[in-house]
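For ligands, and for the atoms within them, numbers begin at 1 and follow the listed sequence.
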Amino acid sequence: MPVSRPFSRTLKIAPSILAADFANFGAECRAVEAEGADWVHIDVMDGHFVPNLTFGPAMCAALRPHIKGVMDVHLMIAPVDPCVEAFARAGVNRLTAHIESGPHIHRTLQAIRAAGCSAGLAINPGTDTGAVPHLLDDIDLICVMTVNPGFGGQTLIPAMMAKIRTLRAMIADRPIHLEIDGGVTEANAAALVAAGADVLVAGSAIFKGGNAANSAAYGANIRALRAAAEGR
Ligand code: DX5
Ligand code: ZN
């Protein structure tokens, strides 16, 4: 069953396992959690909505026993609706669907909540925020794509800083997380938090320099990112 927690805007670091060892996902998830990760971010790609293929509900179900906390599942797939039940049964906590994934995003968000998951809304770099006010009652998280989705290791697009500020103002005091995904590093973390982010997804910045058997580097990377984000 999904784990539900009270809302808090305390900074959360969410390693993306897209940058982990694909032959060792269970141990990689246990390692980043033990080293201080708040959530584990799982990038589901279909080779159609985005030009890359990763994994599906069976993978999420297999990982569930290896992740104590939040499984934050980012669906880069279209259509979304036929897959919602299967991901919910896999025990994921949040399903984030793209606003660009189909003509009926409101129905998709309702289906995600009806399946017992919290609902996230992801927005590509080239997409305007105009529809977001109409969806605020139906979401628990907004994921601002700061790179074009599909691949890890890209550079954050600077024009997204203004979009983050716009969305933070739209959220106001609603219990909606503002998550940043793509190109997050120690160098930009403080600016992202200042713009309004409370969840930082990071793949390369966290998994660099270590492995599941030697995970001290993951801990150092997570602490460094958190310290930078908090301006310490
Ligand atoms: C991109 C994914 C991201 C990606 C981030 O489509 O949604 O979660 O793994 O990777 P980095 O942090 O390397 O940009
Ligand atoms: Zn992602």
Side-chain angles (χ1 to χ4, degrees), residues 11-22 25 28-29 32 35 37-56 59-60 63 67 70-78 80 83 87 92-101 112 117-127 139-161 163-164 177-193 197-210 217-218 221-222 224-226 228-229:
L11 177 71
K12 281 157 281 292
I13 306 286
S16 161
I17 63 165
L18 194 61
D21 176 359
F22 271 46
F25 277 131
E28 292 277 52
C29 289
V32 283
E35 294 290 346
D38 298 293
W39 298 353
V40 177
H41 184 85
I42 301 177
D43 286 308
V44 174
M45 304 185 184
D46 67 356
H48 158 78
F49 180 71
V50 289
N52 196 2
L53 271 171
T54 54
F55 23 77
M59 173 77 170
C60 292
L63 285 180
I67 299 171
V70 169
M71 281 175 86
D72 181 45
V73 174
H74 178 190
L75 298 175
M76 286 160 274
I77 65 174
V80 173
C83 298
F87 280 104
V92 312
N93 303 88
R94 174 170 310 98
L95 284 174
T96 294
H98 269 260
I99 198 165
E100 307 87 359
S101 63
I112 290 171
C117 300
S118 70
L121 179 70
I123 305 180
N124 278 337
T127 302
I139 56 177
D140 306 287
L141 173 143
I142 298 173
C143 174
V144 183
M145 291 310 302
T146 40
V147 299
N148 285 296
F151 302 96
Q154 304 180 76
T155 302
L156 182 138
I157 300 166
M160 296 304 104
M161 300 305 292
K163 187 189 273 187
I164 295 165
H177 295 293
L178 188 52
E179 176 178 78
I180 310 304
D181 190 4
V184 172
T185 65
E186 263 181 74
N188 56 33
L192 292 166
V193 169
D198 65 288
V199 185
L200 299 180
V201 173
S204 352
I206 288 176
F207 285 96
K208 67 181 178 192
Y218 298 168
N221 294 338
I222 290 169
L225 190 58
R226 199 186 299 280

Nitrogen or oxygen atoms of M145 and ligand 1 under 3.5 Å apart: no
If you compare all heavy atoms of C29 against all heavy atoms of V40, which two are closest, and at what distance to 0.1 Å? SG-CG1, 4.0 Å
Could you tell me the residue and atom name of the protein heavy atom closest to atom 14 (O) of ligand 1, and the distance to it rounded to 0.1 Å? G183 N, 2.8 Å
Closest non-hydrogen atoms of A20 and F25, given as atom of the first, atom of the second and distance, are CB-CE2, 4.1 Å
Would you check whether G150 has a nitrogen or oxygen atom less than 3.5 angstrom from a nitrogen or oxygen atom of ligand 1? yes
With only distance considered, is D181 within less than 3.5 Å of ligand 1 through an N or O on each side? yes
For M76, the ligand 1 atoms whose distance to one of its heavy atoms is below 4.0 Å: 6 (O), 7 (O)
Looking only at atom types and distance, does a side-chain atom of E100 sit under 3.5 Å from a main-chain N or O of N124, one as donor and one as acceptor? yes
Looking at ligand 1, does A202 have a heavy atom less than 4.0 Å from it? yes
When every non-hydrogen atom of K163 is compared with those of P125, the smallest separation belongs to NZ-O, 3.3 Å
For atom 13 (O) of ligand 1, what's the nearest protein heavy-atom neighbour? Residue, atom name and distance, please. S204 OG, 2.3 Å
For E186 and A228, indicate whether the former's side chain and the latter's backbone hold a donor-acceptor pair under 3.5 Å. no
Would you find a donor on one side and an acceptor on the other, under 3.5 Å apart, between the side chain of N52 and the backbone of G150? yes
Which residue and heavy atom of the protein sit nearest atom 12 (O) of ligand 1, plus the separation: G203 N, 2.7 Å
For D43 and T54, does a side-chain donor sit closer than 3.5 Å to a side-chain acceptor? no
Show me which atoms of ligand 1 lie under 4.0 Å from any heavy atom of F151. 1 (C), 6 (O)
Looking only at atom types and distance, does a side-chain atom of S16 sit under 3.5 Å from a main-chain N or O of A202, one as donor and one as acceptor? no
For the student: nearest non-hydrogen atoms of P149 and P51, plus distance: O-CD, 4.1 Å
Looking only at heavy atoms, the pair that brings P15 and W39 closest together is CD-O, 3.0 Å
Relative to the heavy atoms of H74, which atoms of ligand 1 are at a distance of less than 4.0 Å? 7 (O)
Under a 4.0 angstrom heavy-atom cut-off, which atoms of ligand 1 come close to V201? 8 (O)
Are A19 and ligand 1 in contact, using a heavy-atom cut-off of under 4.0 Å? no
Looking only at protein heavy atoms, identify the closest one to atom 9 (O) of ligand 1 and say how far it is in Å. S16 OG, 2.9 Å
Judged by atom type as modelled, is there a donor-acceptor pair below 3.5 Å linking the side chain of N188 to the main-chain atoms of V184? no
Looking at M45, which atoms of ligand 1 are within less than 4.0 Å of one of its heavy atoms? 6 (O)
Mark up the atoms of ligand 1 that fall under 4.0 Å of a heavy atom belonging to H41, in ascending order. 8 (O)
Non-hydrogen atoms of V32 and I222 that approach each other most closely: O-CD1, 3.8 Å
Show me which atoms of ligand 1 lie under 4.0 Å from any heavy atom of G153. 11 (P), 13 (O), 14 (O)
Of D198, L121, L141, which is the lone residue that meets side-chain contact (heavy atoms from CB on, under 4.5 Å) with E179? L141
Report the distance from atom NE2 of H74 to atom CE of M145, rounding to the nearest 0.5 Å. 4.5 Å
Out of all atoms in ligand 1, which are within 4.0 Å of some heavy atom of P149? Include the element for each. 6 (O)
Selected option - heavy-atom contact closest to atom 10 (O) of ligand 1, from G152, G182, P15: G152
Under-2.8 Å protein N/O/S neighbours of the Zn ion (ligand 2), ordered by chain then residue number: H41 NE2, D43 OD1, H74 ND1, D181 OD2
Say you draw a straight line from CZ of F87 to CD1 of I77; how long is it, rounded to the nearest 0.5 Å? 5.0 Å
